[in-house]
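The figures here come from the full heavy-atom set of this structure, side chains too, leaving out hydrogens, waters and symmetry mates.
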Amino acid sequence: MGKILFLHGYTQSGSLFSKKSAALRKSLLKLGFTASYPTGPIKLALPDTADPEERSRLDGLGIDDDSYGWWVKDEEKQEYVGLDKTWAYLAEYIKEEGPFDGTVGFSQGAALAGMLCSQITKIAPGHPPFKFAVLYSGFRSPLPQHNYIYSPLISTPTLHVLGSLDTVVSEQRSKTLIDACEEAKRVVYTHPGGHFVPSSKTSLTTVTGWILATMKSGELNESANDEDGWESEFENIGGGNL
């Protein structure tokens, strides 16, 4: 049915995210979707010269020799170090592996997926806009130099999946990304868990059902310009707007 770009979280990798999202990936495979899992170009590692306290902090983040990210935030300079490298990497990856119908991102990967929804036609000229984006524990970049990414609002249909027990990315932080998406095209689903991709039957049915409804609506819009179709479809599977 289509191809989906999966974007992993900070300190993960494509292969690790494939394992952590296995239940979702397998559910989508049954529906005819294939998944691609690139690994972020920014390699993270525990610095040998870090003092014990710093090493403990980094170790607590899960950073090891197989950890990668899409950028590293420099708090002092207030910039996403490595984001330019990520854009260049994704441009080539999408050219070789795409086109993609939609994207699924987790945490930092969800933040990147939101950015990519806005910038896909600029990052990868000739690639059509995404038909959908599923954003697990996502957030908006708080840096002013990235405001252009969210203006105008993200027009891609988005499903924001939040964990009620998530202590890594708070609901308030995720709401910054939710508010950066067009209200008529965004849906919020909260699962009773923490900072992970839920694999319960309810969560899988909600996500896959929304993707199918959104894809169907996109087809209807192309043929009949039915702007309200995707909302009515999702209402049938228990969704709702924020």
Side-chain angles (χ1 to χ4, degrees), residues 1-9 12-40 90 93-110 112-114 116-117 120 124 127-138 156-164 166 181 185-223 226 229-241:
M1 178 174 283
K3 299 182 70 174
I4 303 177
L5 180 67
F6 278 71
L7 301 172
H8 65 79
Q12 294 184 347
S13 65
S15 59
L16 179 59
F17 190 36
S18 176
K19 296 176 183 178
K20 289 183 175 292
S21 60
L24 176 61
R25 172 169 47 80
K26 292 175 181 178
S27 294
L28 290 169
L29 182 61
K30 292 178 181 179
L31 298 175
F33 291 97
T34 58
S36 295
Y37 288 84
T39 292
L90 285 177
Y93 186 90
I94 292 172
K95 180 180 179 180
E96 294 180 357
E97 302 294 332
F100 295 97
D101 292 277
T103 181
V104 172
F106 171 71
S107 198
Q108 189 187 73
L112 176 63
L116 196 55
C117 285
I120 182 66
H127 192 288
F130 287 136
K131 298 175 182 177
F132 63 86
V134 181
L135 310 173
Y136 290 89
S137 301
T156 303
T158 53
L159 173 60
H160 303 261
V161 183
L162 314 181
S164 63
D166 193 338
C181 300
K185 295 183 179 180
R186 72 192 189 206
V187 171
V188 179
Y189 166 68
T190 301
H191 67 90
H195 194 65
F196 56 82
V197 176
S199 58
S200 68
K201 183 177 181 181
T202 299
S203 294
L204 294 175
T205 299
T206 298
V207 173
T208 57
W210 178 84
I211 290 176
L212 288 176
T214 302
M215 290 283 285
K216 181 178 180 181
S217 174
E219 294 173 357
L220 290 174
N221 288 341
E222 290 178 0
S223 60
D226 180 6
W230 80 276
E231 291 181 354
S232 60
E233 287 291 337
F234 188 57
E235 286 174 358
N236 295 329
I237 61 172
N241 285 317

Working to the nearest 0.5 Å, report the span between [atom1] of [X] and [atom2] of [Y].
X	Y	atom1	atom2	value
Thr214	Lys185	OG1	NZ	11.0 Å
Phe196	Ser107	CZ	OG	13.0 Å
Thr158	Arg186	OG1	CZ	8.0 Å
Thr103	Ile4	OG1	CD1	8.5 Å
Tyr189	Leu159	OH	CG	9.5 Å
Leu212	Leu31	CG	CG	5.0 Å

Exercise for the section: Identify which one of Arg25, His8, Gln12 satisfies the side-chain hydrogen bond (donor to acceptor under 3.5 Å, both in side chains) criterion when paired with Ser18. Expected result: Arg25
Practice task
Check the pair Ser13, Ser15 against side-chain hydrogen bond (donor to acceptor under 3.5 Å, both in side chains), reporting the backbone distance first and the verdict last.
Solution key: CA-CA 5 Å; Ser13 65; Ser15 59; 3.2 Å; yes
Main-chain N/O of [Y] paired to [X] side chain as donor or acceptor, under 3.5 Å:
X	Y	result
Thr39	Gly14	yes
Thr206	Thr202	yes
Ser27	Ala23	yes

Problem - Audit row: Ile120, Phe100, side-chain contact (heavy atoms from CB on, under 4.5 Å) steps and yes/no - result: CA-CA 10 Å; Ile120 182 66; Phe100 295 97; over 6 Å; no
Handout entry: side-chain hydrogen bond (donor to acceptor under 3.5 Å, both in side chains) against Thr156, all qualifying residues, sequence neighbours excluded
Key = none
Looking at side-chain heavy atoms only, is the closest gap between [X] and [Y] below 4.5 Å?
X	Y	answer
Leu24	Leu204	yes
Ser21	Phe106	no
Phe17	Leu7	no
Phe6	Leu28	yes
Val197	Val104	no

Exercise for the section: Answer yes or no: does atom NZ of Lys26 have more than 12 heavy-atom neighbours from other residues, nucleotides or ligands under 6.0 Å? Expected result: no
Exercise for the section: Compute the ring centroids of Tyr136 and His191, then answer whether they are less than 6.0 Å apart. Expected result: no
Problem - Contact summary for Lys3 and Ser36, nearest pair of heavy atoms - result: CE-OG, 4.4 Å
Handout entry: Considering all heavy atoms, the nearest Ala110-Ser137 contact
Key = CB-C, 4.4 Å
Problem - ring-ring contact (aromatic ring centres under 6.0 Å, His included) against Phe130, all qualifying residues, sequence neighbours excluded - result: His127
Exercise for the section: Identify, with sequence neighbours excluded, every residue that meets salt bridge (Lys or Arg N to Asp or Glu O under 4.0 Å) alongside Asp166. Expected result: none
